[in-house]
Chemist: 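Got a structure for you, questions after.
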2 protein chains.
Amino acid sequence: MKELKGELPPLKSLRGFEAAARLGSVSMAADELSLTHPAISHQIKMLEEHLGYPLFERAGRHIQLNAEGKFYYGYIRKALETLLEGQEALTKRWEERPFRVQAYITLSIKWLAGRLNRFRNLAPHIDLHLNTSGIDWEFDEDNADIAIIYSDKKIPDGYGWTSLFESKIFPVCSPKLANENSLSAVDLNNLPLLIVNSESDFWNWDQWFHSAGVAHHEGKGNLSVDTLAVALEMACAGEGIALVNGPVADGDLASGRLVRPINHMCKGKGEWGLIYQENMMDDLRVKLFLDWVCEEAGNL
Amino acid sequence: MKELKGELPPLKSLRGFEAAARLGSVSMAADELSLTHPAISHQIKMLEEHLGYPLFERAGRHIQLNAEGKFYYGYIRKALETLLEGQEALTKRWEERPFRVQAYITLSIKWLAGRLNRFRNLAPHIDLHLNTSGIDWEFDEDNADIAIIYSDKKIPDGYGWTSLFESKIFPVCSPKLANENSLSAVDLNNLPLLIVNSESDFWNWDQWFHSAGVAHHEGKGNLSVDTLAVALEMACAGEGIALVNGPVADGDLASGRLVRPINHMCKGKGEWGLIYQENMMDDLRVKLFLDWVCEEAGNL
DNA sequence: ACAATAAGTAAAAATAATTTACCAATAAGC
DNA sequence: GCTTATTGGTAAATTATTTTTACTTATTGT
């Protein structure tokens with residue numbers, strides 16, 4: 001796109017010119033724009049001086065556009081209308097822009113997926129984009145407006161945090177596997193564990209065994225997967241024991257697809273919550289989503 | 001036309017936004033507009049604050065329009081282009097606007113009409129409008145840019161005056177009438193005089209007779225007309241004697257259609273000249289016309 | 001002729017824009 | 001890997017612009 005060539009008129013004077021031209025009166029224009037009449041008079045003078053010739057006929061105590069003024073008015077009016085139109089269209093576009101929610105894939109499948117229809121009923125005008133593919137464990141503020149994450153770090157300045165679930169770490173497996181085997185923590189070492197290939201899962205298993213007073217020695221027949229969602233599905237299928245942190249197994253426990261073979265539970269270092277940039281609190285959609293998630297989490 | 005509704009953006013910031021958006025750089029925009037980069041930075045900030053959301057993505061030390069910014073840019077660009085386009089069209093229109101010349105009907109017929117083609121050759125781009133129908137004896141500044149008039153008044157402030165012809169008052173008639181009659185001023189009282197129904201013509205006859213040392217007594221067979229041009233035509237036809245002031249009979253005297261029955265001539269109170277508003281001297285067309293008329297009048 | 005209304009003008013006041021001087025972040029060069 | 005140059009952002013100070021106040025002129029209506 002090329003550079004604009006030509007000297008633009010004094011832009012501030014355009015409003016005054018438009019109003020005075022339309023109303024045929026300096027005083028009325030001043031009233032409309034909440035200014036005094038000399039201000040309008042001066043604005044018109046500036047514009048006429050910029051152009052080099054008059055736009056109004058001063059007949060007695062009234063002013064009226066002359067032929068050139070009438071001709072010019074059309075352009076000014078169009079330009080100002082374009083500005084307002086653009087602003088309006090932009091605002092509409094802004095209000096309809098996607099609302100980007102970031103959540104881990106497992107939480108999305110096991111907790112969000114079954115609930116999101118309720119949010120969409122609540123706020124059908126919001127164009128929600130759920131982003132689960134983020135490689136990042138942390139809040140990706142460039143690609144999300146809000147995120148549900150598990151964090152054990154201090155929330156940096158400029159970010160808001162709303163707690164959702166406390167960290168509850170416990171093993172789950174299929175009812176069949178639980179019934180066929182004994183129920184002490186030590187015995188888990190002899191069953192196939194479904195290990196998720198992440199630092200936090202390694203830490204969680206260690207922590208759980210440690211808090212149960214049992215040494216965690218790498219058992220045989222363990223399976224490593226890269227997503228908890230997969231591990232849970234395998235647990236349902238009786239392939240082994242998965243360790244969950246938070247609400248991701250709640251649905252399967254309620255339906256009986258999974259059970260807790262041992263009641264022991266420990267806490268992780270962090271907690272589940274919603275994270276967002278503080279200035280996003282002005283955004284109505286953030287407020288709505290935040291309240292809704294809290295309600296769903298039973299955390300009012 | 002209805003009032004513009006909606007709050008316009010800070011108009012001064014539009015130029016800065018346009019340049020920065022187009023160039024993708026605050027500094028380059030500042031260079032283009034001969035400002036410093038904080039000025040552009042501030043303009044952009046004003047615009048973003050007015051809208052309530054950002055238009056640029058700040059990635060490191062570079063800026064780039066975001067999706068909304070790109071969308072908005074189209075409108076801003078269009079509005080600014082409309083302003084420039086209007087200005088250009090207006091200037092063109094202004095330069096091509098009619099050049100309005102006021103002249104008495106008789107001078108127009110007897111002096112201007114035969115010469116004007118030369119001016120049109122000289123300045124073919126000028127859209128000359130000759131106005132002779134003005135009832136006014138004086139300069140009608142609302143309807144003319146320049147006028148050729150006879151004036152015996154002081155030229156008011158704010159007006160320019162250029163002398164053309166001195167006042168020369170003398171009688172004319174057809175050669176036939178002149179040859180058939182005696183040639184003394186007294187005798188004119190006995191011939192049919194063609195009196196133009198205007199104060200100045202009454203005064204001219206009186207003045208002429210008085211300066212010739214003859215009493216002017218209302219003769220018989222006089223004819224009153226309302227335009228000197230008609231009186232001159234009647235004089236050509238031998239109907240009587242007309243009195244002229246200035247160059248209006250020069251053409252007919254040269255061609256022999258009219259003669260001066262008596263050589264006596266007197267002066268009126270004023271002179272012929274060009275009158276115009278002083279600020280019109282900036283107008284090239286006024287200068288051109290003025291010079292041309294002076295040349296035609298042999299008054300260089 | 002007089003008051004009332006509208007617009008123009010000039011100086012003062014108020015407001016807005018720009019610059020200067022600084023900082024922070026990034027990219028490039030050694 | 002450290003330094004340097006470039007780019008953008010910020011805040012206070014300066015400068016420029018806009019607006020107002022107070023007054024004048026001109027016209028309209030009574």
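In the text below, chain A, chain B and the rest are named by the order of the sequence lines, each starting its count at 1.
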Chemist: Quick one: list whatever passes side chain to side chain donor-acceptor pair (under 3.5 Å) with Asp152(B), sequence neighbours left out.
Modeler: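 By the side chain to side chain donor-acceptor pair (under 3.5 Å) rule, Asp152(B) matches no residue at all.
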Chemist: Taking NZ from Lys45(B) and C1' from dT18(C), how many angstroms apart are they, rounded to a whole number?
Modeler: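 It is 14 Å, rounded to the nearest whole Å.
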Chemist: Quick one: are the ring centres of Tyr276(B) and Tyr159(B) less than 6.0 Å apart?
Modeler: no
Chemist: Nearest whole angstrom, please: distance from the P of dT18(D) to the CD1 of Ile44(A).
Modeler: 14 Å
Chemist: Of the options Ile149(A), Thr132(A), Leu112(A), which is the one that meets Tyr104(A) in a side-chain contact (heavy atoms from CB on, under 4.5 Å)?
Modeler: Ile149(A)
Chemist: Classify the side-chain pair Glu278(A)/Trp161(A) by whether it contains a donor and acceptor separated by less than 3.5 Å.
Modeler: no
Chemist: If you take all heavy atoms of Ala39(B) and Leu35(B), which pair is closest and at what distance?
Modeler: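 For Ala39(B) versus Leu35(B), the nearest heavy atoms are CB-CB, 4.2 Å.
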Chemist: With sequence neighbours excluded, what pairs up with Glu81(B) under the salt bridge (Lys or Arg N to Asp or Glu O under 4.0 Å) test?
Modeler: Arg77(B)
Chemist: For Glu88(A), give me all partners under salt bridge (Lys or Arg N to Asp or Glu O under 4.0 Å), at least two apart in sequence or on another chain.
Modeler: none
Chemist: Below 4.0 angstrom, which residues in residues 64-72 of chain B have at least one non-hydrogen atom near DNA chain C?
Modeler: none
Chemist: Roughly what angle, to 10°, lies between the helix axis at the start of the helix from dA1(C)-dT30(D) to dC30(C)-dG1(D) and the one at its end, five pairs per end?
Modeler: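 If I round to tens, the end axes sit 30° apart.
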Chemist: Tell me whether the OP1 or OP2 atom of dT18(C) has a side-chain N or O from Gln43(B) closer than 4.0 Å.
Modeler: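 Gln43(B) to dT18(C) OP1/OP2: side-chain N or O found under 4.0 Å.
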Chemist: For residues Glu18(B) and Tyr73(B), is any side-chain donor paired with an opposing acceptor at under 3.5 Å?
Modeler: yes
Chemist: Output the rounded distance in Å from CD (Glu48(A)) to P (dA7(C)).
Modeler: 13 Å
Chemist: For Arg58(A) and dT9(C), what is the distance between atoms CZ and C1' respectively, to the nearest whole Å?
Modeler: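 These atoms are roughly 13 Å apart.
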Chemist: Compile the donor-acceptor pairs under 3.5 Å between side chains in residues 49-61 of chain A and protein atoms, sequence neighbours left out, one pair per line.
Modeler:
{"from": "His50(A)", "atom 1": "NE2", "to": "Gln87(B)", "atom 2": "OE1", "distance (Å)": "3.0"}
{"from": "His50(A)", "atom 1": "NE2", "to": "Gln87(B)", "atom 2": "NE2", "distance (Å)": "3.4"}
{"from": "Tyr53(A)", "atom 1": "OH", "to": "Thr91(B)", "atom 2": "N", "distance (Å)": "3.4"}
{"from": "Tyr53(A)", "atom 1": "OH", "to": "Thr91(B)", "atom 2": "OG1", "distance (Å)": "3.3"}
{"from": "Arg58(A)", "atom 1": "NH1", "to": "Glu48(A)", "atom 2": "OE1", "distance (Å)": "3.3"}
{"from": "Arg58(A)", "atom 1": "NH1", "to": "Glu48(A)", "atom 2": "OE2", "distance (Å)": "2.9"}
{"from": "Arg58(A)", "atom 1": "NH1", "to": "Phe56(A)", "atom 2": "O", "distance (Å)": "3.4"}
{"from": "Arg58(A)", "atom 1": "NH2", "to": "Glu48(A)", "atom 2": "OE1", "distance (Å)": "3.1"}

Chemist: For nucleotides 20-30 of chain D, read 5' to 3', which letter fits each nucleotide if B means a protein heavy atom sits under 4.0 Å from the base, S means only the sugar-phosphate is that close, and - means neither?
Modeler: BBB----BS--
Chemist: Whole angstrom is fine here: how far is it from CE in Met46(B) over to P in dT18(C)?
Modeler: 11 Å
Chemist: Is there a residue in residues 23-32 of chain A whose heavy atoms reach under 4.0 Å of DNA chain C, and which residues are they?
Modeler: Ser25(A), Val26(A), Ser27(A)
Chemist: Using salt bridge (Lys or Arg N to Asp or Glu O under 4.0 Å) as the criterion, list what pairs up with Arg93(A), not counting sequence neighbours.
Modeler: none
Chemist: Measure from the ring center of Phe165(B) to the ring center of Trp111(B) and say whether it is less than 6.0 Å.
Modeler: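 Centroid distance Phe165(B)-Trp111(B): below 6.0 Å, so yes.
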Chemist: Only counting residues at least two apart or in another chain, list the ones meeting side chain to side chain donor-acceptor pair (under 3.5 Å) with Thr227(B).
Modeler: none
Chemist: Can you list every side chain to side chain donor-acceptor pair (under 3.5 Å) pair that touches residues 25-35 of chain A, not counting sequence neighbours?
Modeler: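 For residues 25-35 of chain A: Arg22(A)-Glu32(A).
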Chemist: Please state how far atom CG in Leu47(A) lies from atom C1' in dT17(D), giving the value in whole angstrom units.
Modeler: 16 Å
Chemist: In chain order, what residues pass the salt bridge (Lys or Arg N to Asp or Glu O under 4.0 Å) check against Glu166(A), with sequence neighbours excluded?
Modeler: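 Once residues adjacent in sequence are excluded, the partners of Glu166(A) under the salt bridge (Lys or Arg N to Asp or Glu O under 4.0 Å) criterion are Lys267(A).
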Chemist: Specify the separation, in whole Å, of atom CG of Leu11(A) and atom C1' of dA17(C).
Modeler: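 Rounding to the nearest Å, CG of Leu11(A) and C1' of dA17(C) are 13 Å apart.
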Chemist: How close or far is atom C1' of dT18(D) from atom CG of Leu33(A), stated in whole angstroms?
Modeler: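 Checked: the CG to C1' distance equals 14 Å.
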